[in-house]
**Student:** 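First, the structure itself, so that you have it in front of you.
Below, all heavy atoms of this structure are taken into account, side chains as well, without hydrogens, waters or symmetry copies. Because the structure is predicted, anything quoted here is derived from the model rather than measured.
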Amino acid sequence: MSGPVSGAARPDAHTLIRTVLDPGSWKSWDEPVVDPAPPESPYAEELAAVRARTSYDESVVTGEGLLAGRRVAVMACEFSFLAGSIGVAAAERLVRAVERATAEGLPLLAAPASGGTRMQEGAIAFVQMIKISAAVSAHRAAGLPYIVYLRHPTTGGVFASWGSLGHVTAAEPGALIGFLGPRVFEALHGYPFPPDVQVAENLYEHGLVDAVVSAEHAREVAIRALAVMCAPRDAARLRERGETPARGPEPEERAADVDAWEAISRSRRDDRPGVKALLKLGASHVTPLNGTGAGENDPGLLLALAMFGRAPAVVLGHDRRRVTGRHLGPAGLRVARRGMHLASELGLPLVTVVDTPGAALSKAAEEGGLAGEIARCLADLVMLDAPTVCLLLGEGAGGAALALLPADRVLCAQHAWLSPLPPEGASAILYRTIDFAPEIAKVQGVRAADLRRTGVADRVIPEFPDAAYEEKEFCERVAATLEYEILGLMESPAEDRLTTRLARYRHLGTPG
């Protein structure tokens, strides 16, 4: 793992802004600073000296510019100014910028690089982190995107407040990022902090940041993410973006019928396209997100922002190829709940993709709260105020599948299926052998056609004759159907969608 970047490799705040924004588009929002330091005090002299040396008047700069033609607000730290520390004046500048961005409906890009609270101002500087966090929270509550780029170094109260509140968070390669600076740790404890812990790449491994990229690539990440996060929420406006209406789904009758066990066998093929293939071949503006943002990750649960045609979405789904043993644990479900929260806060449609042989069966999964996470996923998803579409793409076994199911619309690939257990497990329970799995699958009504008949699924997406043989065409067919369904849902008010969704699951399987 690489160590912290050198000072020569770090762009200052204005260089970073020029790198990220469209050329010549920057407009400063900064007003003259009201100094908190008593005249002729050592602190006042220190401020005067650093201003003369750096040409910055404070440790933060704020303003607006264009990002691929989109108007955005920006706030960035300048580390050369007293280690980018935040005192009363810097905090006030930041808060005014956030409030202005909120009032004007602008996405907000933040680029901290700071040692944290300004020690020269003490406790009153320390509590400024509260008002900055409150302003950012109000910005997010207004449904406006907040993107963070953590630079070298970001520590202390800055990392523990506005540096950790991004919808999407990237970090500079090799950047030192942590709560307690290593120099302070060593001074307090008498020995060095463990190496390679407070490094951007390690944070990525633990699901704390979504990407580790250079400033040039941070621009591209922000452009892709904002294309989705700022897409219109009105279906009519989205339809105006295309010359033709969204392509309707393929007629289900065109697909050849197969029995349940054959469908299950096909769903388990290693070459069957999964959620990554769907995003690669059927979506645009894909921005992968990483982990829970709270110190956990599970490679078996993919989370991303994406566009299906003109329809924006938060996408979360099982990526069974990434998991040893292919089973999902509680951390993966917590990643899923991050995606649900993101969709709710930004008012974006949510697409869940089910393709799993089941939840993990292990001591770690039980102690990690697997059952509780399944329950919380079910509760969060069924009550979500955003439009929701579930895609049953392949295997659909057990609680890990059910956790992502209760959507406004449920689509099912022809050879996908849903069952309380893999058929082998159900056979073992009923007959103490797995030999009756094919018969059990038929009786339980697990295949797509059965789910359509019983009302669990709304639509079957055909395969000609199998997704593994027509990967590109199949993924494009699925993406077109997702676009069609999402745009349809976006035409209904949120309260109507929720009422219909709750009624659907209340009466599912009930006669009459």
**Student:** Tell me which pairs pass salt bridge (Lys or Arg N to Asp or Glu O under 4.0 Å) where either residue lies in residues 141-159, with sequence neighbours left out.
**Tutor:** none
**Student:** State, with a plain yes or no, whether a side-chain heavy atom of Asp408 is found less than 4.5 Å away from one of Val389.
**Tutor:** no
**Student:** Checking side chain to side chain contact (heavy atoms under 4.5 Å, CB included) for the pair Val61/Phe81: CA distance, chi angles, key distance, verdict?
**Tutor:** CA-CA 11 Å; Val61 296; Phe81 193 102; over 6 Å; no
**Student:** Just by modelled atom types, is the Leu384 backbone N or O under 3.5 Å from a matching donor or acceptor in the Arg501 side chain?
**Tutor:** yes
**Student:** Measure from the side-chain N and O atoms of Ser164 to the backbone N and O of Ala160, and report whether any donor-acceptor pair falls under 3.5 Å.
**Tutor:** no
**Student:** Please test Gln198 against Thr155 for side chain to side chain contact (heavy atoms under 4.5 Å, CB included), starting from the C-alpha separation and ending with a verdict.
**Tutor:** CA-CA 9 Å; Gln198 297 175 313; Thr155 61; 5.8 Å; no
**Student:** Does CG in Leu502 sit with more than 12 non-hydrogen atoms of other residues, nucleotides or ligands closer than 6.0 Å?
**Tutor:** yes
**Student:** Taking the inter-plane angle between the rings of His14 and Tyr56 on a 0 to 90° scale, is it parallel (under 30°), tilted (30 to 60°) or perpendicular (over 60°)?
**Tutor:** parallel
**Student:** Working note: Leu393 + Val353, criterion side chain to side chain contact (heavy atoms under 4.5 Å, CB included); need CA distance, chi angles, decisive distance, verdict.
**Tutor:** CA-CA 6 Å; Leu393 186 60; Val353 181; 3.7 Å; yes
**Student:** Of all the heavy-atom pairs spanning Ala277 and Glu471, show the shortest one and how long it is.
**Tutor:** CB-OE2, 3.8 Å
**Student:** What pair of heavy atoms forms the shortest contact from Ala225 to Ile147, and how long is it?
**Tutor:** CB-CD1, 4.2 Å
**Student:** Quick one: CG on Leu150 to CG on Leu176, what's the gap to the nearest 0.5 Å?
**Tutor:** 11.0 Å
**Student:** Under a 4.0 Å N-O cut-off, is there an ion pair linking Arg224 with Asp210?
**Tutor:** no
**Student:** For the residue pair Leu391 and Thr481, establish whether any side-chain heavy-atom pair is separated by less than 4.5 Å.
**Tutor:** no
**Student:** Checking Ser344 side chain against Met340 main chain: does a donor-acceptor pair fall under 3.5 Å?
**Tutor:** no
**Student:** Do you know the tightest heavy-atom contact between Asn297 and Ala331?
**Tutor:** O-CB, 3.8 Å
**Student:** Could you tell me whether the side chain of Phe193 reaches within less than 4.5 Å of the side chain of Glu186, counting heavy atoms only?
**Tutor:** no
**Student:** Sub-3.5 Å donor-acceptor pair from the side chain of His139 to the main-chain atoms of Ala134, do we have one?
**Tutor:** no
**Student:** Taking Arg233 for its side chain and Leu346 for its backbone only, find out whether a donor-acceptor pair lies under 3.5 Å.
**Tutor:** yes
**Student:** Between Leu108 and Leu144, is any pair of side-chain heavy atoms under 4.5 Å apart?
**Tutor:** no
**Student:** Does OH belonging to Tyr204 count more than 12 external heavy atoms closer than 6.0 Å?
**Tutor:** no
**Student:** Once you round to the nearest 0.5 Å, how far does CG of Leu82 lie from SG of Cys77?
**Tutor:** 12.0 Å
**Student:** Should Val314 and Leu305 be marked as a side chain to side chain contact (heavy atoms under 4.5 Å, CB included) after you check the CA-CA gap, both sets of side-chain angles, and the distance that decides it?
**Tutor:** CA-CA 5 Å; Val314 176; Leu305 301 169; 3.9 Å; yes
**Student:** Taking Ser59 for its side chain and Ser85 for its backbone only, find out whether a donor-acceptor pair lies under 3.5 Å.
**Tutor:** yes
**Student:** With a 4.5 Å heavy-atom cut-off, do Pro387 and Ile486 have their side chains touching?
**Tutor:** no
**Student:** Please report the closest heavy-atom contact between Ala200 and Val209, naming both atoms and the distance.
**Tutor:** O-CG2, 4.1 Å
**Student:** Could you tell me whether Glu99 and Lys131 have a side-chain N and a carboxylate O separated by less than 4.0 Å?
**Tutor:** no
**Student:** Can you measure from CD (Glu296) to CG (Leu301) and round to the nearest 0.5 angstrom?
**Tutor:** 11.5 Å
**Student:** Walk me through whether Asp22 and Arg219 qualify under salt bridge (charged side-chain N to carboxylate O under 4.0 Å, His left out).
**Tutor:** CA-CA 10 Å; Asp22 297 352; Arg219 169 182 163 85; 3.0 Å; yes
**Student:** Please tell me if the side chains of Phe79 and Pro153 come closer than 4.5 Å, counting only heavy atoms from C-beta onward.
**Tutor:** yes
**Student:** Are any of the side-chain nitrogens in Asp30 or Arg96 under 4.0 Å away from the carboxylate oxygens of its partner?
**Tutor:** no
**Student:** Short question: side chain of Asp35, backbone of Ala37 - any donor-acceptor pair under 3.5 Å?
**Tutor:** no
**Student:** Inspect the surroundings of CD in Glu40 and state if more than 12 heavy atoms from other residues, nucleotides or ligands are less than 6.0 Å away.
**Tutor:** no
**Student:** Would you say Leu16 and Glu78 make side-chain contact, with heavy atoms under 4.5 Å?
**Tutor:** no
**Student:** Would you find a donor on one side and an acceptor on the other, under 3.5 Å apart, between the side chain of Ser114 and the backbone of Gly84?
**Tutor:** yes
**Student:** Enumerate the residue pairs fulfilling side-chain hydrogen bond (donor to acceptor under 3.5 Å, both in side chains) with a member in residues 277-288, sequence neighbours excluded, ordered by first and then second residue.
**Tutor:** none
**Student:** Give a yes or no on whether the backbone of Arg310 and the side-chain of Glu483 come within a donor-acceptor separation of less than 3.5 Å.
**Tutor:** yes
**Student:** Provide the full list of salt bridge (Lys or Arg N to Asp or Glu O under 4.0 Å) pairs with a residue in residues 370-380, sequence neighbours left out, each pair given once.
**Tutor:** Arg334-Glu373, Arg337-Glu373, Arg337-Asp380, Glu373-Arg376
**Student:** Once rounded to the nearest 0.5 Å, what's the spacing between atom NE2 of His167 and atom CG of Leu289?
**Tutor:** 11.0 Å
**Student:** Looking only at the side chains, is there a donor atom on one of Thr62 and Arg100 sitting less than 3.5 Å from an acceptor on the other?
**Tutor:** no
**Student:** Do you know the tightest heavy-atom contact between Ala110 and Tyr146?
**Tutor:** CB-OH, 3.5 Å
**Student:** Report, as yes or no, whether the 6.0 Å neighbourhood of atom CZ on Arg51 holds more than 12 heavy atoms from other residues, nucleotides or ligands.
**Tutor:** yes
**Student:** Would you check if the side chain of Glu58 reaches a backbone N or O of Ala89 as a donor-acceptor pair within less than 3.5 Å?
**Tutor:** no
**Student:** Does the side chain of Pro406 reach to within under 4.5 Å of the side chain of Leu378, using non-hydrogen atoms?
**Tutor:** yes
**Student:** Please report the shortest heavy-atom distance between Val335 and Gly291, naming the atom on each side.
**Tutor:** CG2-C, 3.7 Å
**Student:** Are a donor atom and an acceptor atom from the side chains of Arg497 and Thr500 found within less than 3.5 Å of each other?
**Tutor:** no
**Student:** To the nearest 0.5 Å, what is the distance between CD on Glu476 and CG on Leu278?
**Tutor:** 10.5 Å
**Student:** Can you tell me how far the CG atom of Asp12 sits from the OG atom of Ser80, to the nearest 0.5 Å?
**Tutor:** 7.0 Å
